[in-house]
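To start, the structure itself, in structure tokens.
Every chain is numbered from 1, with letters handed out A, B, ... down the list of sequences.
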There are 2 protein chains.
Amino acid sequence: MGSRGQPEESRAAILQAAAKEFAENGIAGARTDAIAREARVNKALLYYYFKDKETLYGAVLDHAFSGMKTNVFRALDSDLPPREKIMAYVGAYFDFIASNQIYPKLMQREMMRAREGNSIHIDRLVKTYFQPIYRRVGELLHKGIAEGEFRKVDPAHFVPSMVAMIVFYFSSAPVMQRIVRFNPLTPQRIAERRAAVMDFISAALFLPCSSAAPSSRKSGVHQ
Amino acid sequence: MGSRGQPEESRAAILQAAAKEFAENGIAGARTDAIAREARVNKALLYYYFKDKETLYGAVLDHAFSGMKTNVFRALDSDLPPREKIMAYVGAYFDFIASNQIYPKLMQREMMRAREGNSIHIDRLVKTYFQPIYRRVGELLHKGIAEGEFRKVDPAHFVPSMVAMIVFYFSSAPVMQRIVRFNPLTPQRIAERRAAVMDFISAALFLPCSSAAPSSRKSGVHQ
DNA sequence: TTGCACTAATTAACCAGTTAGTTAGATTAT
DNA sequence: ATAATCTAACTAACTGGTTAATTAGTGCAA
């Protein structure tokens, strides 16, 4: 072997392998040996780039959530009217999760770790990623309500409901598959889910009709 | 001390302590020492009553989900009309989770463990608890649709959405608390959530009105 | 010839599971 | 009745396999 595998590549390989291992097994269940093997580097290299397992875990979380933030802010920064913007936001969020299916697992794992000083990462994550997104969505909802487009929803209930419908679908897919006897993660089924979520959200959020545009919503919810 | 602490009590204490420890830390993160300490018994007693850590974990899951099944089947077995029955079911499910807040964590943890032969419990749990409930709810939705009370929803999307809104709210509460700066788990807030979920569900499921009864739904969604 | 990228080998700690018992009380024998 | 025997319930102390983390280096490029 020898050195020089392009350091950035090694670092990235470690980060990616770690993301997978942490998502599948949680920080306690993750094995540093497994991460090193998957990344095809020596285990000691993990400690060369990252202080310890916990720090590596933190880096994985930052990488994941900063990707998400970038993605949804593209929608939130656009100058669409409220209805279209919230749909663009939900769509962007859904698509990001759908094409990075280890992230919902990472996210839920970290959420469950967050009670008391249990996780040293959660405060940073909230401040850097969750707060800014939540704030912007809150403002957006407020605007939509003020303009008579949205029902009077409380962001503190609306946002977790929306996140739940997206995140939970993917993280519960393996169980769902055993219940319903088909794979919920085929492109076909994922597209269905996307439509179901969008429809569910519109049904719960939009007022029947304020001026002209008949909402894009079709007949059925969830399907 | 000495022996005879009433064996049933010891077993129950172990099960309860284990449920807490597994919910908080997952099976990999849970410490058998911690379980024994919390249950105020010697660690070897865990192995006297349960073969090993994995078996104890399985017993915890069975205990939790059988409680849930009993509870929601009370609603599903009642002879209410579809609208009222689905609301009774959702309410029962919500109340069960709300008063056993370690269960949503146990549930999500087990869901994330379910890919490939990873969990030896999931097949049993699906067959014993999830399948029967899912089947009954599916029939109920079907009936409601046939009677023109419900929109044409797909149970494979409706059920996970419903579960998500309930389960995710509780398991994400510690993070949510940091985002919104208030405690989402006060009785007050939990009651709000219950109303929000019921309202969200009705909005997405019920057809405007089929005959007489104006749905109990009031103005706002989520709040 | 310095410092960056990297590794083989080792270490210390942790933790599930075991062992070798003890104790309380029920059951049987006398 | 009561001493002898048995068994379920329980414990203190230990063990060994696992695993995060370290060390003491090597090779290479500028």
Side-chain angles (χ1 to χ4, degrees), chain A residues 1-61 106 109-110 113 117-121, chain B residues 1-61 106 109-110 113 117-121:
Chain A
M1 287 286 139
S3 49
R4 195 56 23 125
Q6 231 57 330
E8 279 311 313
E9 256 178 58
S10 294
R11 225 191 99 101
I14 291 169
L15 226 39
Q16 198 181 333
K20 195 175 161 196
E21 178 76 6
F22 285 132
E24 297 297 354
N25 307 102
I27 189 172
R31 295 294 155 240
T32 54
D33 289 316
I35 294 170
R37 196 177 339 111
E38 170 88 16
R40 298 166 161 280
V41 298
N42 186 279
K43 183 161 62 129
L45 200 62
L46 310 190
Y47 296 90
Y48 176 68
Y49 285 115
F50 304 94
K51 183 169 159 283
D52 55 19
K53 194 188 187 187
E54 187 72 50
T55 306
L56 174 56
Y57 181 63
V60 164
L61 293 175
L106 276 176
R109 287 226 141 86
E110 188 54 22
R113 233 185 136 215
N118 224 18
S119 167
I120 59 170
H121 309 297
Chain B
M1 289 284 142
S3 49
R4 195 53 26 116
Q6 233 56 330
E8 278 313 312
E9 257 178 58
S10 295
R11 226 192 98 102
I14 291 170
L15 226 39
Q16 197 182 333
K20 196 175 161 195
E21 178 76 6
F22 285 132
E24 296 297 353
N25 305 103
I27 189 172
R31 296 294 155 243
T32 53
D33 289 298
I35 294 170
R37 196 177 340 112
E38 171 86 18
R40 298 164 162 282
V41 299
N42 186 279
K43 182 161 64 128
L45 201 61
L46 311 190
Y47 296 90
Y48 177 69
Y49 285 116
F50 305 94
K51 181 170 161 283
D52 55 19
K53 196 188 187 185
E54 188 71 48
T55 306
L56 174 56
Y57 181 63
V60 165
L61 292 175
L106 276 177
R109 288 226 141 88
E110 188 53 21
R113 233 186 135 216
N118 224 18
S119 166
I120 59 169
H121 309 295

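Summarising the geometry, the separation between CD1 on A:Ile35 and P on D:dT19 is reported as 13 Å, rounded to the nearest angstrom. Look at CG on A:Asp33: it is 13 Å from P on C:dA8, rounded to the nearest Å. Between A:Leu46 atom CG and C:dT7 atom P the separation is 10 Å, expressed in whole Å. Whole-Å rounding puts the A:Tyr47 OH to D:dA21 P distance at 4 Å. Atom pair B:Glu8:CD and D:dA8:C1' shows a separation of 13 Å (rounding to whole Å applied). Counting to the nearest Å, the C1' atom of D:dA20 and the CG atom of A:Asn42 are 14 Å from each other. Here the P atom of nucleotide D:dC10 and the CZ atom of B:Arg40 are 15 Å apart, to the nearest Å. Atom CG of A:Leu45 is separated from atom P of C:dA5 by 10 Å (rounded to the nearest Å).
Proximity of B:Leu56 to B:Leu15: side-chain heavy atoms (C-beta onward) are separated by under 4.5 Å at one or more points. You'll find the side chain of B:Arg31 reaches within 4.5 Å of the side chain of B:Lys53, heavy atoms only. Proximity of A:His121 to A:Glu54: side-chain heavy atoms (C-beta onward) are separated by under 4.5 Å at one or more points. Considering only heavy atoms from C-beta on, A:Leu61 stays 4.5 Å or farther from A:Phe22 through its side chain.
At the heavy-atom level, B:Phe50 lies nowhere under 4.0 Å from the strands shown. Backbone-only contact: B:Ala30 has heavy atoms under 4.0 Å from sugar-phosphate atoms and none from a base.
With hydrogens and angles ignored, a donor-acceptor pair closer than 3.5 Å exists between the side chain of B:Lys43 and the base of C:dA16.
Close to D:dA20, at under 4.0 Å from its OP1 or OP2, lies a side-chain N or O of A:Arg31. Residue B:Tyr48 places at least one side-chain N or O under 4.0 Å from the OP1 or OP2 atom of D:dA9. Not one side-chain nitrogen or oxygen of B:Ser10 sits closer than 4.0 Å to the OP1 or OP2 atom of D:dA9. Contact annotation: A:Thr32 side-chain N/O to D:dA20 OP1/OP2 distance is under 4.0 Å.
If A:Ala44 and A:Ile27 are placed on DNA chain D by their nearest nucleotide, the residue sitting closer to the 5' end is A:Ile27.
Remark: B:Glu21 pairs with no residue by the side-chain hydrogen bond (donor to acceptor under 3.5 Å, both in side chains) rule, at least two apart or across chains.
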